[in-house]
Structures are given as structure tokens and as C-alpha cells.
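Data first, discussion second: the structure below is written as C-alpha cells.
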Amino acid sequence: MIKSEMIFLGPPASGKGTQTEKLSKELNLPHIDTGKLLRAEIEAKTKEGKIAKKFMDQGQLVPAQLVAQIIIKKIFSQEAQNGYILDGFPRSIEQAEILEKALMDAGKANSNKRIVIKLLVDRNSLLERIVNRRMCKNCNKIYNLKTFPPKINGICDACGGKLYQRTDDNEETATKRFDTYNKETAPLADYYREKGFLVTVNADGEPSEVYQEILSKIK
Ligand code: AMP
């Protein structure tokens with residue numbers, strides 16, 4: 001049976017966004033991108049967005065309850081009835097436990113459709129990826145100025161939207177994000193390994209190769 005309740009783990013710029021976006025389209029499962037949802041709250045100037053921004057600008061995790069409330073609503077929504085692809089949640093043991101409780105309460109904690117995919121990337125290339133990353137304001141397509149530049153500078157190939165650099169994609173904030181990842185998120189690999197959900201994928205290669213490896217693991 002194909003796994004359709006997916007969680008992606010991996011450090012900032014490990015390719016979670018690129019891979020989950022593609023999988024979501026091909027498998028017709030909602031891509032629940034935590035960072036994007038938080039950035040939308042900031043853009044809409046909501047109370048949650050104002051709180052989130054303070055943490056995001058510091059490269060720290062937004063409080064677990066705030067994030068969990070947004071994500072869990074999505075997991076139990078109509079559009080996720082056949083499964084979902086979680087990108088960027090959970091990011092700490094505390095968040096994973098909130099999720100487990102919510103799934104348990106719904107009788108879905110031990111589903112054999114669940115899988116946790118950890119992307120393994122050489123640390124040296126991550127910072128380089130971050131400072132060169134640009135995203136489309138309109139469709140969220142991700143570019144890299146060195147390895148995957150747009151055809152026209154500053155313009156999205158796919159939709160013509162304007163490209164931008166995330167405010168947290170600078171060296172200083174990125175370094176803090178790596179520290180946060182090591183301290184808070186990396187322990188999730190053992191957490192999910194013990195539950196029997198974890199698989200690892202070498203994500204150093206070309207995005208298309210990484211994608212094929214992911215496909216082979218979810219089947
Ligand atoms: P991302 O777009 O996944 O790189 O996330 C950008 C930022 O959003 C992170 O550095 C955090 O500040 C915040 N964020 C994203 N996901 C979470 C989460 N699950 N828990 C707390 N904060 C998060």
C-alpha cells in the first residue's frame with residue numbers, strides 16, 4: 001500500500017519544499033507547508049502572524065501550540081481525507097507529541113499509511129543553498145541563483161510572478177536556524193525510528209534523483 005500520510009524531516013534548505021511540492025501534485029495530496037502557512041499569517045497581519053514573526057526573524061521555533069493549531073486543522077480537513085504531506089511539522093518532540101495525541105484521539109495514530117522521510121544532506125551545501133534561494137511570490141516555486149536560475153532575472157518561469165528572497169534566508173538567521181534544527185528537530189529521527197515510521201533518503205543529488213528515491217520508499 002502506498003504511504004499517504006507523510007512527514008518530511010530535514011534541515012533548512014534540504015529540499016523539503018521542492019520535493020513535497022512535486023509529490024503533492026503527482027499524488028494529489030495536500031502539501032501542508034508550515035513555513036508558508038506562517039508567512040501567510042504574517043502577510044495577513046493576524047495576531048498569530050505577529051507572534052510568529054518575532055520567532056521566525058530570530059531563526060527560532062514559533063510556539064508549538066500556535067503552529068499545531070494551524071496544522072492539525074489542516075490534517076483533519078476534508079481536502080486531507082485521503083492523506084497529506086507535512087512539510088516542516090512537527091519540528092520538535094513537543095510538537096510530535098501534540099500530533100500523536102490528536103491522531104490518537106481520532107483513532108489514526110497507528111495507520112499503516114504513515115511514513116516519516118528524513119532528507120540527509122551534506123551540511124556544507126546547505127548555507128550555499130539558502131543564500132542563493134529565491135521564491136516566487138505568486139506560486140511559491142523555488143529557484144537557486146547558481147544551480148537553477150530563472151530564465152529572466154527576478155521573474156518566475158512558471159507563472160511570471162516576482163521572485164523574492166525570504167527575510168530569514170540570510171547567513172546570520174540561517175546559522176541560528178541550523179542550531180535550532182540540531183537542538184529541537186534532529187531528535188525526532190529517533191522518536192519516529194522507535195515507532196517504526198522512519199526512512200532516510202540521500203538528498204545530496206539532483207532533485208529528480210532524490211524524488212525517485214522518495215517514490216521508491218513510499219511504495
Ligand atoms: P521553513 O519555511 O520551513 O524554513 O520555516 C521558516 C520558519 O518558520 C522557521 O525558521 C521557524 O521560525 C518557523 N516554523 C516553521 N515550521 C515550524 C514549526 N513546525 N514549529 C515552529 N516554528 C516553525
Side-chain angles (χ1 to χ4, degrees), residues 5-24 30-44 46-75 84-103 116-119 121 123 125-137 139-144 163-189 191-192 203:
E5 297 170 10
M6 303 179 212
I7 291 175
F8 275 77
L9 297 179
S14 55
K16 298 190 297 294
T18 303
Q19 298 297 335
T20 48
E21 188 73 43
K22 192 159 183 219
L23 268 179
S24 159
H31 171 204
I32 304 177
D33 176 345
T34 319
K36 181 174 150 195
L37 290 167
L38 291 171
R39 283 187 287 278
E41 295 286 336
I42 294 175
E43 192 101 327
T46 63
K47 192 175 89 211
E48 287 79 7
K50 282 184 189 141
I51 298 170
K53 184 167 169 36
K54 289 194 193 131
F55 291 89
M56 290 166 78
D57 285 346
Q58 296 299 317
Q60 292 171 357
L61 293 186
V62 172
Q65 291 296 346
L66 191 160
V67 180
Q69 179 200 318
I70 298 173
I71 302 299
I72 287 170
K73 211 193 291 170
K74 293 264 174 200
I75 291 177
Y84 47 81
I85 303 173
L86 281 182
D87 170 2
F89 183 88
R91 254 176 153 119
S92 66
I93 300 276
E94 182 188 5
Q95 293 180 12
E97 288 187 334
I98 297 174
L99 176 63
E100 284 307 307
K101 180 165 185 324
L103 291 171
V116 177
I117 299 155
K118 179 173 181 181
L119 301 182
V121 185
R123 290 298 294 256
S125 55
L126 292 175
L127 193 58
E128 178 85 5
R129 284 192 193 181
I130 287 190
V131 295
N132 285 300
R133 176 160 63 185
R134 297 293 183 275
M135 293 175 68
C136 175
K137 194 111 208 152
C139 73
N140 282 300
K141 193 174 166 76
I142 302 165
Y143 294 85
N144 179 295
L163 301 188
Y164 76 105
Q165 181 173 29
R166 281 171 43 176
T167 55
D168 58 351
D169 274 355
N170 60 73
E171 195 163 337
E172 192 191 340
T173 314
T175 307
K176 291 187 191 147
R177 285 158 67 201
F178 289 133
D179 291 344
T180 303
Y181 177 81
N182 286 336
K183 198 164 135 233
E184 311 262 7
T185 312
L188 281 178
Y191 177 88
Y192 283 120

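Ligands are counted one by one from 1 in listed order, and the atoms in each one are counted from 1 as well. Everything numeric here is computed off the predicted structure, so don't read it as measured data.
His31 and Gly17 get closest at one heavy-atom pair: CE1-O, 4.2 Å.
For the pair Pro12/Ile130, a side-chain contact is recorded, criterion being any heavy-atom separation below 4.5 Å from C-beta on. Using a 4.5 Å heavy-atom cutoff, the side chains of Arg129 and Val121 are in contact. Looking at heavy atoms from C-beta onward, Met6 lies out of side-chain contact with Leu86 at the 4.5 angstrom threshold. Between Ile70 and Leu38 the shortest side-chain heavy-atom distance falls below 4.5 Å.
Every protein residue with a heavy atom nearer than 4.0 Å to ligand 1 is included here: Thr34, Gly35, Leu38, Arg39, Met56, Gln60, Leu61, Val62, Val67, Gly88, Phe89, Arg91, Gln95, Arg166, Asp168, Arg177.
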Under 3.5 Å, sequence neighbours excluded: what are the donor-acceptor pairs made by side chains of residues 176-183?
{"from": "Arg177", "atom 1": "NH1", "to": "Asp168", "atom 2": "O", "distance (Å)": "2.7"}
{"from": "Arg177", "atom 1": "NH1", "to": "Asp169", "atom 2": "OD1", "distance (Å)": "3.1"}
{"from": "Thr180", "atom 1": "OG1", "to": "Gly59", "atom 2": "O", "distance (Å)": "2.8"}
{"from": "Thr180", "atom 1": "OG1", "to": "Lys176", "atom 2": "O", "distance (Å)": "2.9"}
{"from": "Asn182", "atom 1": "OD1", "to": "Arg123", "atom 2": "NH1", "distance (Å)": "3.2"}

